[in-house]
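Numbering starts at 1 and runs along the sequence shown.
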Amino acid sequence: MYGLWRPRVLGAWRVPATGPVILAVNHSHNIDGPMLMGTAPRPVHFLIKKEAFIGPLDPFLLSIGQLKVDRETTDRAAVIDALGVLQGGGVLGIFPEGSRGEGDFASLRSGLAYFAVRTGAPIVPVAVLGSTDRRGRLISALPPLRSRVDIVFGDAFDAQEEEVRSSPKGGGGRRAGGGGRRTRRAMDDATLRIQKRLTAHLDNARRLTGRRAGLE
């Protein structure tokens, strides 16, 4: 990543140095995942669609700890693998929007909330900005070589503590070591709370880097 482009990494110190953590990343370009893998302060295990595991990429992605997931169904094997990463004190990378789009966290799937509530792992929001600014001359599907891409890490937060704070009585929503309530209502509520935090981080990242929405 550093050889092809000019990544500017801001706030990497906000990623906890040890223990399980979830990096929640916006997704507007195919290089967003590799860019984070190449610049994050700790090794990242991403949930990646199974369609990407083709040819020589299959053994390569598996060898660097990436996780294959079938997005068309409830992939229990992928869920178990992802939980194993967090239970082993590793870093799990998730595109909470589910697929590549505007990269604005406008629509989140429930997977992020599930992993955060199930394991108690803190969430670190990450904004990747600049990957969709311009098309490259040599390969139009990629950003221009040596162009600037910003990777901005936000403050870690606990989805279950967010639940406790939003409770009318200020308690009862969290259990030690994860294992919070995982009803459909609880997951939907947690997803909405997480979305607010991710959107706020994206807005702050744009102000910090001088980038405007739609012009990353």
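- Atom CD1 of residue Ile151 and atom CE of residue Met1 lie 9.5 Å apart, to the nearest 0.5 angstrom.
- Val79 approaches Phe115 most closely through the heavy-atom pair O-CE2, 3.8 Å.
- Checked by atom type and distance alone, the side chain of Gln87 never pairs as donor or acceptor with a backbone atom of Pro20 at under 3.5 Å.
- A 6.0 Å sphere centred on CD of Glu51 holds more than 12 heavy atoms belonging to other residues, nucleotides or ligands.
- You'll find the side chain of Leu83 stays beyond 4.5 Å of the side chain of Leu92, heavy atoms only.
- Note that CG of Leu112 and CE of Met187 are 10.5 Å apart. Values are rounded to the nearest 0.5 Å.
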Chi angles and distances behind the side-chain contact (heavy atoms from CB on, under 4.5 Å) call for Thr209, Arg8: CA-CA 10 Å; Thr209 59; Arg8 178 171 58 173; 3.8 Å; yes
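- Put simply, Leu202 and Leu192 are part of two different groups of oily side chains (I, L, V, M, F, W, Y) that touch within less than 4.5 Å, one to the next.
- The shortest side-chain heavy-atom distance between Asp32 and Met35 does not fall under the 4.5 Å cut-off.
- A side-chain donor-acceptor contact under 3.5 Å links His201 to the backbone of Val152.
- Linking ILVMFWY side-chain heavy atoms closer than 4.5 Å, directly or via other members, places Leu36 and Trp13 in two distinct hydrophobic clusters.
- Atoms NE2 and CG, on His45 and Leu23 in that order, are 11.0 Å from each other to the nearest 0.5 Å.
- In this structure, the side chain of Arg211 does not engage the main chain of Ala205 through any donor-acceptor pair within 3.5 Å.
- From Leu67, atom CG reaches atom CG of Leu62 across 9.0 Å, with rounding to the nearest 0.5 Å.
- If you chain together hydrophobic residues whose side chains sit under 4.5 Å apart, Leu208 and Phe157 never meet in one group.
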Under the criterion side-chain contact (heavy atoms from CB on, under 4.5 Å), I'd like the reasoning laid out for Arg197 against Ile194: C-alpha separation, chi angles, the key distance, then a yes or no. CA-CA 5 Å; Arg197 292 292 296 261; Ile194 292 170; 5.7 Å; no
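- Across all their heavy atoms, Phe95 and Val25 have their closest contact at CD2-O, 3.4 Å.
- Pro96 has its side chain within reach of Leu198: a pair of non-hydrogen atoms, C-beta onward, lies under 4.5 Å apart.
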Does the side-chain contact (heavy atoms from CB on, under 4.5 Å) test come out yes or no for Ile64 and Phe46, once each step is laid out? CA-CA 10 Å; Ile64 61 174; Phe46 260 101; over 6 Å; no
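- For the residue pair Ala52 and Leu61, the shortest heavy atom distance occurs at O-CD1, 4.0 Å.
- Between Arg193 atom CZ and Asp188 atom CG the span is 10.5 Å, to the nearest 0.5 Å.
- Scanning all heavy atoms of the two residues, the minimum distance from Arg42 to Gly89 falls at NH2-O, 3.0 Å.
- Under the 4.5 Å side-chain heavy-atom criterion for grouping Ile, Leu, Val, Met, Phe, Trp and Tyr, Val44 is connected to Tyr2 within one hydrophobic cluster.
- Arg118 and Tyr114 get closest at one heavy-atom pair: NH1-OH, 2.5 Å.
- Panel note: side chain Asn26, backbone Val128; a donor-acceptor pair is recorded below 3.5 Å.
- When all heavy atoms are compared, the tightest approach of Pro7 to Thr39 is CB-CG2, 3.9 Å.
- Comment: Asp81 does not engage Lys68 in a salt bridge, judged by the lack of any side-chain N to carboxylate O separation of less than 4.0 angstrom.
- A salt bridge does not link Asp203 with Arg207: every distance from a Lys NZ or Arg NE/NH1/NH2 to an Asp or Glu carboxylate oxygen is 4.0 Å or more.
- In this structure, Leu129 is not a member of the same hydrophobic cluster as Leu10, with clusters built from ILVMFWY side-chain heavy atoms closer than 4.5 Å.
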